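In what follows, chains carry the letters A, B, and so on, assigned in the order in which the sequence lines appear, proteins first and then strands, with residues in each chain numbered from 1. Only a predicted model underlies this, so the values are computations on that prediction, with no experimental measurement involved.
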Amino acid sequence: MKLVYFAWVRERVGKTDETLDLPEGIATIADLVRWLKTRGEEYEYAFENEAIVRAAIDHQHVKPEASIAGAREIAFFPPMTGG
Amino acid sequence: MKLVYFAWVRERVGKTDETLDLPEGIATIADLVRWLKTRGEEYEYAFENEAIVRAAIDHQHVKPEASIAGAREIAFFPPMTGG
Amino acid sequence: MAIIRIQVEAFDAAAETAALTTGRGDIGATVAFTGFCRDEGGRLSALELEHYPGMAEAEIACIASEAEARWPLLGLTVIHRYGLIRPGEPIVLVLAASAHRRAAFEAAEFMMDYLKTRAPFWKREHLKDGNVGAWVDAKGADDAAMERWG
Amino acid sequence: MAIIRIQVEAFDAAAETAALTTGRGDIGATVAFTGFCRDEGGRLSALELEHYPGMAEAEIACIASEAEARWPLLGLTVIHRYGLIRPGEPIVLVLAASAHRRAAFEAAEFMMDYLKTRAPFWKREHLKDGNVGAWVDAKGADDAAMERWG
């Protein structure tokens with residue numbers, strides 16, 4: 001699974017992207033975040049306030065309860081500040 | 001008193017402006033319109049629907065009941081269609 | 001202090017925007033409204049715009065002061081043309097600048113709603129067949145649009 | 001079909017407007033919104049804009065389709081820059097064209113409200129003192145502005 005990070009989520013995780021093999025039982029974005037936070041302090045820091053970090057699956061905004069089945073690319077980023 | 005006319009009010013009156021001596025007792029725009037309508041068919045036609053024709057005194061929109069005392073220039077015109 | 005011009009010539013919206021914004025770090029948003037002459041389904045060869053010189057400037061200045069009192073504007077430009085204007089040509093420009101977008105959008109829309117119903121301009125149609133057509137009727141929708149500003 | 005571009009280069013609002021309107025007799029109104037980099041009272045030397053390539057285009061196309069479904073638009077252009085942008089330079093252009101002004105105003109404002117909260121761009125401050133400052137926080141006011149469109 002390809003994961004991509006933007007803005008301060010990217011800075012905290014310390015990488016722009018990575019490809020990870022996910023363990024069994026990770027069905028949703030929320031499951032994925034919970035698992036990432038077990039992988040090290042940098043992830044704990046990035047997701048310390050889970051409610052703030054937004055997610056997209058294959059370029060579409062999704063909620064934490066969204067299924068990741070079939071996803072090619074999952075992105076995590078702060079609230080958008082464009083415009 | 002200088003009177004000026006615009007758009008179809010001008011076309012119906014048949015002139016762009018005129019300077020008239022007003023008789024005694026003409027205190028308001030409504031009085032002035034009533035008197036103008038006695039001056040000929042062209043004025044009757046221009047003011048046939050008095051509620052439609054707008055007036056300005058010295059470049060300011062006014063209502064029919066506005067006093068014309070001290071006015072330098074009184075304008076009559078249809079509803080505006082600028083913009 | 002708003003910039004107001006009543007003119008026959010076409011205008012350059014980009015140059016007007018640059019005039020308001022160049023060298024400034026406080027402007028975060030500009031809204032430029034341009035009104036164009038339509039051909040009304042191919043029926044029109046032009047619109048002829050008549051105006052009341054003197055009152056047109058005074059009335060637009062009055063509307064602009066009202067906008068500047070209502071919104072924290074950092075610039076306001078209004079250019080209104082008169083004379084014969086062909087389909088596709090611009091008639092009116094309202095340009096509002098502010099620190100933030102809401103003020104710029106609202107002020108520009110307010111200016112247009114007021115210009116439509118209070119600025120002393122009148123449009124007459126010139127038809128493709130060579131005839132001079134009717135004076136354009138004022139629209140009830142424009143009065144309603146103005147009234148929502150209270 | 002909206003024109004959407006995500007680019008480093010500055011844009012030319014006048015050229016974009018001409019591209020939408022030239023040779024057309026059906027457009028009666030254009031609204032061009034330009035968002036500029038502010039210096040925040042002289043504090044900033046630049047804003048750095050990061051974006052999510054691919055998603056940015058897709059998301060803006062999605063918002064633009066929504067606008068085209070809601071209003072009878074005759075043209076819609078969105079250009080959003082990324083990279084380092086100095087105070088006074090433009091960041092974003094939204095250009096909406098329609099037969100009448102209300103649709104053009106509303107569509108442009110809708111686009112901006114949605115861009116602010118849904119387009120994957122993030123701003124970081126670069127300070128006059130040479131330091132890289134904080135990521136700009138999302139504003140609750142922007143969420144509220146988006147929500148009023150239902």
A.B. asks: When heavy-atom pairs shorter than 4.5 Å are enumerated against chain A, which of D:Thr117, D:Ile91, D:Val94 gives the highest number?
C.D. replies: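 Highest number of heavy-atom pairs under 4.5 Å: D:Thr117.
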A.B. asks: Looking at A:Trp8, is A:Arg12 sitting on its ring face, NZ or CZ under 6.0 Å from the six-membered ring centre and within 45 degrees of the normal?
C.D. replies: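 Ring-cation test returns yes.
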A.B. asks: Could you check which of D:Gly35, D:Pro120, D:Gly54 has the highest count of heavy-atom pairs closer than 4.5 Å to chain A?
C.D. replies: D:Gly54
A.B. asks: Does any heavy atom of chain A fall under 4.5 Å from the side chain of D:Arg81, the backbone, both, or neither of them?
C.D. replies: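 D:Arg81 has no heavy atom closer than 4.5 Å to chain A.
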A.B. asks: For A:Tyr5 and A:Glu18, test the side chains for any donor-to-acceptor distance below 3.5 angstrom and give the result as yes or no.
C.D. replies: yes
A.B. asks: Taking atom types as modelled and ignoring hydrogens, do the side chains of D:Trp135 and A:Glu11 form a donor-acceptor contact shorter than 3.5 angstrom?
C.D. replies: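 Yes, because at least one side-chain N or O of D:Trp135 sits under 3.5 Å from a partner of the opposite role on A:Glu11.
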A.B. asks: Charged N to carboxylate O under 4.0 angstrom, D:Glu106 versus D:Arg70?
C.D. replies: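 Judged by the 4.0 Å cut-off on N to carboxylate O distance, D:Glu106 and D:Arg70 do not form a salt bridge.
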A.B. asks: Select one option (side chain, backbone, both, neither) describing which atoms of D:Asp113 are under 4.5 Å from chain A's heavy atoms.
C.D. replies: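 Interface part for D:Asp113: neither.
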A.B. asks: Under 4.5 Å, counting heavy-atom pairs only, tell me which of A:Arg10, A:Arg54, A:Gln60, A:His61 racks up the most with chain D.
C.D. replies: A:His61
A.B. asks: In terms of heavy-atom pairs under 4.5 Å, which option from A:Val4, A:Asp58, A:Thr81 contacts chain D the most?
C.D. replies: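 Ranked by heavy-atom pairs under 4.5 Å with chain D, first place is A:Thr81.
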A.B. asks: Kindly compute the distance separating CD1 (A:Ile26) from CG (A:Leu36), expressed to the nearest 0.5 Å.
C.D. replies: 7.5 Å
A.B. asks: Could you tell me which of D:Glu48, D:Arg118, D:Met111, D:Glu57 has the largest number of non-hydrogen atom pairs under 4.5 Å with chain A?
C.D. replies: D:Arg118
A.B. asks: Looking at the rings of A:Tyr43 and A:Phe47, which for Trp means the six-membered one, are their centres under 6.0 Å apart?
C.D. replies: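 No; A:Phe47 has its ring centre 6.0 Å or more from that of A:Tyr43.
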